[in-house]
Asker: 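I have a structure I would like to understand better, so I am pasting it below and will then ask my questions one at a time.
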Amino acid sequence: MAATGSEKQGADENAKAFYVSTPIYYVNDAPHLGHAYTTVAGDVLTRWHRQRGEKVWYLTGTDEHGQKIMRTAEANGVTPQEWCDKLVTEAWKPLWEHLNIANDDFIRTTEKRHTDRVQEFVQDLFDKGEIYKGGYEGPYCVGCEEYKLPGDLIDGEGEYEGQKLCPIHKKPVELLKEENYFFKLSEYGPKLLELYAANPGFIQPESARNEVVNFVRQGLQDLSISRSTFDWGVKVPWDDKHVIYVWIDALLNYATAVGYGANQNKFDETFPANVHLVGKDILRFHAVIWPAMLLAQGLPVPGKVAANGWLMVGGEKMSKSNLTGIKPQDLTSHFGVDAYRWYFLRAIAFGSDGSFSWEDFTARYTSELANDYGNLASRVAAMVGKYFGGALPEATASGDAEKAVQEGLAKAVTEADRKIGEELDFQGGILAIFDFVKQVNGYITEQEPWKVAKDDSEEGKARLATILYTAAESLRAVAVLLNPIMPDTSQKLWDSLGAEPLLGALADQDVQTAATWGTLPAGATVTKGAVLFPRLEEPKKDA
């Protein structure tokens with residue numbers, strides 16, 4: 001787990017934390033780009049709020065129960081627990097560290113701190129009469145760990161001719177008949193519709209909200225919350241012949257990880273989540289079942305459930321089962337970790353499906369990161385070094401051109417803070433920042449400091465100093481704004497501007513005051529450090 005700095009200096013220790021969660025991911029295989037996409041988005045969101053000076057809690061983790069995990073472990077000749085331990089230790093946690101994910105906790109659903117509380121939660125619902133015993137028969141997708149409605153299934157072709165398939169995994173469903181315990185989900189339809197109406201932003205994006213509202217309006221069925229045909233799961237406390245349905249178990253991680261039933265102070269300071277980030281294929285669990293469970297238990301519901309779209313490769317959802325899974329390391333080894341973190345949030349509107357291509361990544365890296373941003377940083381440092389010996393000069397001859405830059409920065413800060421911090425519009429926020437980068441590039445092109453440098457008059461020297469100060473101060477603000485997205489390169493820029501000794505750590509700079517002009521003092525030692533975004537080498541082709 002990367003270093004967090006969640007309890008940032010200045011944050012009110014008694015205030016409720018800004019709590020963000022990712023889904024907890026199945027450990028039936030190693031993570032791919034889709035998993036990393038959601039996790040990086042959550043990391044950027046929580047880093048942004050940390051840099052507002054807020055108290056933050058960022059949770060991710062792994063879902064380790066259920067039939068799918070049991071079968072995968074059996075196929076690999078190990079116990080389910082051994083399989084989970086291996087994947088978490090060798091694949092999941094190392095990847096989050098590699099991608100610089102600053103999560104505050106990593107919950108595993110096989111941990112005792114979770115399983116004990118799950119049993120208590122379900123026992124409470126049973127004691128309240130919210131759970132009853134019954135039977136169920138229907139088509140079941142092991143990949144989704146979910147009973148499917150017949151209308152959701154698609155017809156198989158080729159080797160699956162004549163069979164009904166899960167529309168997500170494209171594999172045949174199994175007809176299951178078993179004795180189960182049921183949660184009275186059907187009684188919560190009206191309450192959920194009231195929740196959606198009172199909180200229009202509870203489900204995002206709007207298309208996802210409309211889908212869920214229509215689903216609930218059609219009427220909800222009671223939910224099977226146990227399984228009796230296999231035993232890899234949390235035991236139903238009053239009937240150990242059953243294990244708790246993996247999705248009930250999994251959803252409760254958002255409560256158990258922050259102290260439910262164990263640490264009331266921690267729970268009160270953190271729960272409920274401000275934002276649950278989920279993939280759109282698991283939206284119903286989070287926007288229907290989870291709030292219904294909380295309402296049944298008398299607990300507050302989350303502030304927002306935000307569904308990101310699918311990453312597509314060749315028109316298919318990226319997944320291991322569809323053989324379109326790509327390892328993030330395949331890309332970070334070529335483009336670098338920071339460019340990876342930036343690209344998917346920049347290229348795809350959060351909440352919409354988006355297609356990944358190597359060619360698009362390369363084009364955006366070259367145009368926006370290397371040429372627009374990286375080249376700006378290099379040019380400014382080189383000119384301060386050449387004309388002022390590396391000491392940042394004082395701006396004494398500001399005019400309308402400099403005022404326009406200051407106004408452009410103020411607009412970028414306001415827009416980025418609103419879009420990223422409030423609206424989860426990562427793409428819009430990044431574009432606002434890079435529009436400002438382009439403005440500064442245009443400012444330098446128009447002011448032509450290399451020509452002004454030929455004027456040895458006091459007026460000429462003052463003008464040159466003002467141009468370079470304006471450019472360097474702009475980069476100071478850009479380093480602050482891009483730090484939640486690209487922390488390593490932002491730190492390199494911060495160091496090259498000589499900001500650390502004068503202004504303190506980059507992580508302590510408030511994104512909301514990044515537009516405070518004149519923050520970087522004259523006299524700062526500006527150095528031309530390593531190139532922020534090196535020229536890309538041609539990727540090696542397989543023989």
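Only a predicted model underlies this, so the values are computations on that prediction, with no experimental measurement involved. Only this structure's heavy atoms are used, side chains among them; waters, hydrogens and symmetry mates stay out.
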Asker: Measure the shortest side-chain to side-chain distance between L59 and I107 over non-hydrogen atoms and say whether it is less than 4.5 angstrom.
Answerer: yes

Asker: Checking the side chain of T516 only, and the main-chain atoms of T513 only, is there a donor and an acceptor separated by less than 3.5 Å?
Answerer: yes

Asker: Can you tell me how far apart CG (D425) and CD1 (I430) are? Round to the nearest 0.5 Å.
Answerer: 9.0 Å

Asker: Parallel, tilted or perpendicular, judged at 30° and 60°: which one describes the rings of F271 and Y19?
Answerer: tilted

Asker: Please report the shortest heavy-atom distance between A479 and L506, naming the atom on each side.
Answerer: O-CD1, 3.9 Å

Asker: Taking the side chain as everything from C-beta on, heavy atoms only, tell me whether Y373 gets closer than 4.5 Å to L482.
Answerer: yes

Asker: Which heavy-atom pair separates W494 from V480 by the least distance, and what is that distance?
Answerer: CZ3-CG2, 3.8 Å

Asker: If you take all heavy atoms of L481 and V511, which pair is closest and at what distance?
Answerer: CD2-O, 4.1 Å

Asker: Thinking salt bridges, do E473 and R476 make one under a 4.0 Å N-O criterion?
Answerer: yes

Asker: So, are D268 and K16 salt-bridged, with charged N and O less than 4.0 Å apart?
Answerer: no

Asker: Between K492 and E500, is there a side-chain N and carboxylate O pair less than 4.0 Å apart?
Answerer: no

Asker: Are side-chain heavy atoms of V301 and P272 found at a separation under 4.5 Å?
Answerer: no

Asker: Using modelled atom types and a 3.5 Å cut-off, is there a donor and acceptor pairing between side-chain atoms of S496 and backbone atoms of L493?
Answerer: yes

Asker: Verify the distance criterion only: is there a donor paired with an acceptor across the side chains of N103 and T60 at less than 3.5 Å?
Answerer: no

Asker: For the residue pair L369 and M486, establish whether any side-chain heavy-atom pair is separated by less than 4.5 Å.
Answerer: yes

Asker: Taking the six-membered ring of F215, is the NZ or CZ of R284 close enough (under 6.0 Å from the centre) and on axis enough (within 45°)?
Answerer: yes

Asker: Contact between W450 and I444 at the side-chain level, heavy atoms closer than 4.5 Å - yes or no?
Answerer: yes

Asker: Between the side chains of E422 and R418, is the shortest nitrogen-to-carboxylate-oxygen separation below 4.0 Å, so that they form an ion pair?
Answerer: no

Asker: Using only heavy-atom distances, determine whether the side chains of T39 and Y25 contain a donor-acceptor pair under 3.5 Å.
Answerer: yes

Asker: With distance as the sole test, does T89 use its side chain to make a donor-acceptor pair with the main-chain N or O of K86 at under 3.5 Å?
Answerer: no

Asker: So among T489, D495, D488, which one has a side chain to side chain donor-acceptor pair (under 3.5 Å) with Q491?
Answerer: D495

Asker: Quick one: do E368 and R346 make a salt bridge, cutoff under 4.0 Å?
Answerer: yes

Asker: So, are R364 and D360 salt-bridged, with charged N and O less than 4.0 Å apart?
Answerer: yes

Asker: Report the C-alpha distance between L277 and L424 in whole Å, list the side-chain angles of each, state the deciding distance to 0.1 Å, and finish with yes or no for side-chain contact (heavy atoms from CB on, under 4.5 Å).
Answerer: CA-CA 10 Å; L277 296 176; L424 276 62; 3.8 Å; yes

Asker: Going by the angle between their ring planes, with limits at 30° and 60°, are F434 and W342 parallel, tilted or perpendicular?
Answerer: tilted

Asker: Give me the atom names and distance for the closest heavy-atom approach of D455 to G460.
Answerer: OD2-CA, 3.6 Å

Asker: Is the distance between the ring centroids of W358 and F335 less than 6.0 Å?
Answerer: yes

Asker: Please confirm whether the backbone N or O of I282 pairs with a side-chain atom of H286, one donor and one acceptor, at under 3.5 Å?
Answerer: yes

Asker: Are Y340 and H98 close enough that a side-chain donor and a side-chain acceptor fall under 3.5 Å?
Answerer: no

Asker: Please check: side-chain N/O of T366 versus main-chain N/O of A363, any donor-acceptor pairing under 3.5 Å?
Answerer: no

Asker: W96 and V40: side-chain contact (heavy atoms from CB on, under 4.5 Å), yes or no, with the steps?
Answerer: CA-CA 9 Å; W96 295 163; V40 168; over 6 Å; no

Asker: Less than 4.0 angstrom from a charged side-chain N to a carboxylate O is my criterion; do R52 and D417 meet it?
Answerer: yes

Asker: Of all the heavy-atom pairs spanning A257 and D105, show the shortest one and how long it is.
Answerer: O-OD2, 3.5 Å

Asker: Would you check if the side chain of E90 reaches a backbone N or O of L87 as a donor-acceptor pair within less than 3.5 Å?
Answerer: no

Asker: I348 vs L311, test: side-chain contact (heavy atoms from CB on, under 4.5 Å). Steps then yes/no.
Answerer: CA-CA 9 Å; I348 302 168; L311 295 185; 3.3 Å; yes

Asker: Determine whether Y58 and T22 make a side-chain contact, defined as any pair of heavy atoms from C-beta on separated by less than 4.5 Å.
Answerer: yes

Asker: Is the backbone of A404 close enough, under 3.5 Å, to the side chain of Q439 for a donor and an acceptor to pair up by distance?
Answerer: yes

Asker: Answer with yes or no after comparing the ring centroid distance for F356 and F344 against a 6.0 Å cut-off, counting only values under it.
Answerer: yes

Asker: For residues T466 and S398, report the shortest heavy-atom separation together with the two atoms involved.
Answerer: CG2-OG, 3.6 Å

Asker: Against N483, only a single residue in Q509, Q51, R47, R50 fulfils side chain to side chain donor-acceptor pair (under 3.5 Å); can you say which?
Answerer: Q51

Asker: Does L409 form a side-chain contact (heavy atoms from CB on, under 4.5 Å) with V405? I'd like the steps, not just the answer.
Answerer: CA-CA 6 Å; L409 174 59; V405 171; 5.6 Å; no

Asker: Any salt bridge linking R463 with E402? Criterion: basic side-chain nitrogen under 4.0 Å from a carboxylate oxygen.
Answerer: yes

Asker: Does the Lys NZ or Arg CZ of K93 fall within the cation-pi geometry relative to F106 - under 6.0 Å from the ring centre and within 45° of the axis?
Answerer: yes

Asker: To the nearest 0.5 Å, tell me how far T362 OG1 sits from L536 CG.
Answerer: 6.0 Å

Asker: Kindly check if the number of other-residue, nucleotide or ligand heavy atoms within 6.0 Å of CD (E459) is above 12?
Answerer: no

Asker: Validate the cation-pi geometry between K266 and W57: distance from NZ or CZ to the six-membered ring centre under 6.0 Å, angle to the ring axis within 45°.
Answerer: yes

Asker: Would you kindly say whether H114 and T256 are connected by a side-chain donor-acceptor distance under 3.5 Å?
Answerer: yes

Asker: Is any side-chain N of the basic residue among R341 and D43 closer than 4.0 Å to the acidic one's carboxylate O?
Answerer: yes

Asker: Could you check whether any side-chain heavy atom of Y343 comes within less than 4.5 Å of a side-chain heavy atom of L331, counting everything from C-beta outward?
Answerer: no

Asker: Testing the 3.5 Å rule here: is there a donor-acceptor pair between the side chains of T62 and E64?
Answerer: yes

Asker: Flag yes if more than 12 heavy atoms outside K304 fall under 6.0 Å of its NZ atom; otherwise flag no.
Answerer: yes

Asker: So, E269 and K55, do they make that salt bridge, N to O below 4.0 Å?
Answerer: yes

Asker: To the nearest 0.5 Å, what is the distance between CG on N100 and CG on D338?
Answerer: 7.0 Å

Asker: Under a 4.5 Å cut-off applied to non-hydrogen side-chain atoms, are T332 and K327 in contact?
Answerer: no

Asker: For the aromatic rings, using the six-membered ring if either is Trp, is the centroid distance between Y37 and H32 under 6.0 Å?
Answerer: no

Asker: Enter the distance from E97:CD to L95:CG here, rounded to the nearest 0.5 Å.
Answerer: 9.5 Å

Asker: Can you measure from NE2 (H49) to CG (N274) and round to the nearest 0.5 angstrom?
Answerer: 8.0 Å

Asker: Could you verify whether a donor N or O on one side chain and an acceptor N or O on the other, from W92 and H35, lie under 3.5 Å apart?
Answerer: no

Asker: What distance separates L45 CG from I420 CD1, expressed to the nearest 0.5 Å?
Answerer: 9.0 Å

